[in-house]
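Scroll down for the structure; my scribbles are underneath it.
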Amino acid sequence: QVQLVESGGGLVQTGGSLRLSCAGSGFSGNNYMLGWWRQAPGKEREAVACLSRNNGRADSAESVKGRFTISTDNAKNTVYLQMSDLKPEDTAVYYCSAGGTTWIAGRKLRNCLPVRSWGQGTQVTVSS
């Protein structure tokens with residue numbers, strides 16, 4: 001069972017930057033999709049970015065393209081979400097995930113499904 005622990009959230013002003021980290025343990029090989037999701041108050045959880053631990057292929061939601069970048073350091077079993085040009089609508093609890101199996105080009109963010117492990121979440125608040 002993969003265990004995930006997020007860190008790096010906080011309060012930032014509009015236009016600012018944050019880097020979220022997600023440290024994982026219990027990986028059996030590299031055949032995992034690693035994802036970042038977010039859930040704002042009163043809204044459903046949505047996928048933000050997804051990356052293949054095996055080959056590095058990645059995709060992100062249209063709302064964050066050009067501002068957020070997902071990356072991984074497999075040696076450290078850590079996945080990152082670099083967020084820049086933050087906006088108040090980015091305010092949410094951010095979760096990392098592990099799951100999926102094989103990256104398929106047309107599936108994009110759905111490559112991160114099914115999720116088999118979730119982190120506990122980290123709050124990101126962007127003030128206007």
* Evaluate the criterion side chain to side chain contact (heavy atoms under 4.5 Å, CB included) for residue pair Glu6 and Ser21; output intermediate values, then yes/no. => CA-CA 6 Å; Glu6 301 99 336; Ser21 300; over 6 Å; no
* Determine, stepwise, if the pair Ser71 / Gln82 fulfils side chain to side chain contact (heavy atoms under 4.5 Å, CB included). => CA-CA 8 Å; Ser71 63; Gln82 178 66 49; over 6 Å; no
* Structure fact -> For Val12, the hydrophobic cluster (side chain heavy atoms closer than 4.5 Å, chained through members) also holds Val2, Leu4, Leu18, Leu20, Phe27, Tyr32, Leu34, Trp36, Val48, Leu51, Val64, Phe68, Ile70, Val79, Leu81, Met83, Leu86, Tyr94, Val124, Val126
* Asked: Below 4.5 Å, heavy atoms only, C-beta onward: do Arg116 and Gln1 meet side chain to side chain?
  -> no
* Asked: Quick one: do the Ser52 and Asn54 side chains pair a donor with an acceptor below 3.5 Å?
  -> no
* Whether Lys65 side chain and Ser60 backbone form a donor-acceptor pair below 3.5 Å -> yes
* Candidate pair Cys22 and Tyr80, rule side chain to side chain contact (heavy atoms under 4.5 Å, CB included), full reasoning -> CA-CA 6 Å; Cys22 174; Tyr80 304 98; over 6 Å; no
* Would you check if Arg110 and Ile104 make a side-chain contact, meaning some heavy-atom pair closer than 4.5 Å? => no
* To do: Taking all non-hydrogen atoms of both residues into account, name the closest pair between Ser97 and Trp37 and its distance.
  => OG-NE1, 2.9 Å
* Any idea which heavy atoms bring Asn111 and Met33 closest together, and the distance? -> O-CG, 3.0 Å
* To the nearest 0.5 Å, what is the distance between CD (Gln120) and SG (Cys96)? -> 7.5 Å
* **Atom CD of Gln13: over 12 foreign heavy atoms under 6.0 Å** => no
* Taking it one step at a time, do Gln123 and Thr91 satisfy side chain to side chain contact (heavy atoms under 4.5 Å, CB included)? -> CA-CA 8 Å; Gln123 176 71 45; Thr91 295; 4.0 Å; yes
* Can you see which heavy atom on Ala40 is nearest to which on Ala92, and at what distance? => N-CB, 3.8 Å
* **Trp103 six-ring centre to Arg53 NZ/CZ under 6.0 Å and within 45° of normal** => no
* Is there a donor-acceptor pair closer than 3.5 Å between any side-chain N or O of Thr78 and the backbone N or O of Lys76? -> yes
* Asked: Are Val115 and Leu109 co-members of a hydrophobic cluster defined by side-chain heavy atoms under 4.5 Å apart?
  -> no
* To the nearest 0.5 Å, how far apart are CD in Glu89 and OG in Ser128? -> 10.0 Å
* Evaluate whether atom CD of Gln3 has more than 12 neighbouring non-hydrogen atoms of other residues, nucleotides or ligands under 6.0 angstrom away. => no
* To do: Scan for salt bridge (Lys or Arg N to Asp or Glu O under 4.0 Å) pairs involving residues 21-44, sequence neighbours excluded, and state none if there are none.
  => Arg38-Glu46, Arg38-Asp90
